[in-house]
Amino acid sequence: MIQRIQSVFLFFAAALLSGQFALPYYTATQGANSGNVSFNMPPALADGQLNPLDNIGLLGLTILGIATSLSAIFLFKNRPLQGRIAGVSGAVTIMLTVLAGIVFYQTEQQVPTSAGGAFGFGLVLPVIAIVLQVMAQRAIKKDEQKVRSMDRLR
């Protein structure tokens, strides 16, 4: 059923992945005494923020992670498939986290030292989503074991 705990975990994982669009990975700031000097910022920081919209790989993996998490919620009648889809969602989110870390590192290296930058909370959201997806997968596995044990009793 939809009200099972794994559905809640998967929903919150999808919500956290969606939150990356609102919370940037990195925010570029110019030094306080820089005046009106414009710095050569990397193309990803054209708007001053690094988020999934700045990289096609990040955008694709984010959307795929959201879609797989949400689709797994509605597969409650087929628990083995739901578990596999939740696993795929977790793998996609791990790839997203790795790619976000690489893009974050490369972008931070391109920012001039006279310009500063601040770490954004958006980089932590996929890590929390991974934890929730693993918890959902464990809950799905527990449900499947419970159903199998009930079938043995019949």
Side-chain angles (χ1 to χ4, degrees), residues 1-29 41-111 115-154:
M1 289 187 269
I2 292 180
Q3 69 264 22
R4 296 205 185 265
I5 190 69
Q6 61 262 26
S7 299
V8 174
F9 290 148
L10 290 168
F11 176 76
F12 283 132
L16 287 172
L17 291 173
S18 299
Q20 294 180 90
F21 292 108
L23 298 172
Y25 299 141
Y26 182 79
T27 303
T29 58
M41 290 291 183
L45 291 175
D47 59 350
Q49 295 181 342
L50 178 64
N51 56 26
L53 298 174
D54 295 327
N55 185 310
I56 191 72
L58 290 174
L59 180 63
L61 287 174
T62 302
I63 291 172
L64 186 62
I66 294 167
T68 54
S69 288
L70 289 177
S71 66
I73 292 172
F74 299 103
L75 293 172
F76 57 87
K77 290 184 180 180
N78 189 350
R79 281 176 303 281
L81 180 60
Q82 185 183 31
R84 287 193 301 269
I85 297 294
V88 167
S89 181
V92 167
T93 308
I94 289 171
M95 290 188 294
L96 170 67
T97 305
V98 169
L99 183 61
I102 291 169
V103 170
F104 171 76
Y105 178 75
Q106 289 176 345
T107 303
E108 191 178 41
Q109 295 299 316
Q110 294 174 358
V111 174
F119 171 79
F121 189 66
L123 201 57
V124 178
L125 294 178
V127 176
I128 299 170
I130 291 169
V131 172
L132 289 171
Q133 289 164 339
V134 167
M135 291 170 63
Q137 203 168 9
R138 285 185 179 176
I140 294 166
K141 187 176 178 181
K142 275 184 175 179
D143 276 359
E144 185 61 25
Q145 288 174 348
K146 188 182 296 184
V147 168
R148 286 186 182 174
S149 70
M150 296 304 280
D151 285 344
R152 280 190 295 242
L153 293 174
R154 286 188 209 175

Would you say F21 has more than 12 foreign heavy atoms packed within less than 6.0 Å of its CZ?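 Yes, the 6.0 Å shell around CZ holds more than 12 heavy atoms from other groups.
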Is it true that, when you exclude F119 itself, more than 12 heavy atoms of the residues, nucleotides or ligands shown sit nearer than 6.0 Å to its CZ?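 Atom CZ in F119 is crowded, with more than 12 foreign heavy atoms closer than 6.0 Å.
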Over all heavy atoms of both residues, which pair between [X] and [Y] is shortest? Give the atoms and the distance, please.
X	Y	result
N51	P24	CB-CA, 4.4 Å
L17	G65	CD1-C, 3.6 Å
I66	S18	CD1-OG, 3.4 Å
A86	L10	CB-CD2, 4.2 Å
S71	I85	OG-CG2, 3.8 Å
G90	Q133	CA-OE1, 3.2 Å

What is the distance from atom [atom1] of [X] to atom [atom2] of [Y], rounded to the nearest 0.5 Å?
X	Y	atom1	atom2	value
L61	T97	CG	OG1	9.5 Å
R4	I73	CZ	CD1	14.5 Å
Y26	T107	OH	OG1	8.5 Å
Q6	F11	CD	CZ	15.5 Å
D54	L59	CG	CG	10.0 Å
S7	L75	OG	CG	10.0 Å

Tell me, do Q137 and F9 make a side-chain contact under 4.5 Å, heavy atoms counted?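 They are not in side-chain contact.
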What residues, two or more places apart in sequence or in another chain, satisfy side chain to side chain donor-acceptor pair (under 3.5 Å) together with Q82?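 In terms of side chain to side chain donor-acceptor pair (under 3.5 Å), with neighbours along the sequence ignored, Q82 is linked to no residue.
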Would you please name every residue forming a side chain to side chain donor-acceptor pair (under 3.5 Å) with E144, sequence neighbours left out?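 Residues passing side chain to side chain donor-acceptor pair (under 3.5 Å) with E144: R79, R148.
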Would you mind telling me which of L96, T93, V92 makes a side chain to side chain contact (heavy atoms under 4.5 Å, CB included) with L64?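 Testing L64 for a side chain to side chain contact (heavy atoms under 4.5 Å, CB included) against L96, T93, V92 leaves exactly one candidate, V92.
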Determine, stepwise, if the pair I102 / V98 fulfils side-chain contact (heavy atoms from CB on, under 4.5 Å). CA-CA 6 Å; I102 291 169; V98 169; 4.0 Å; yes
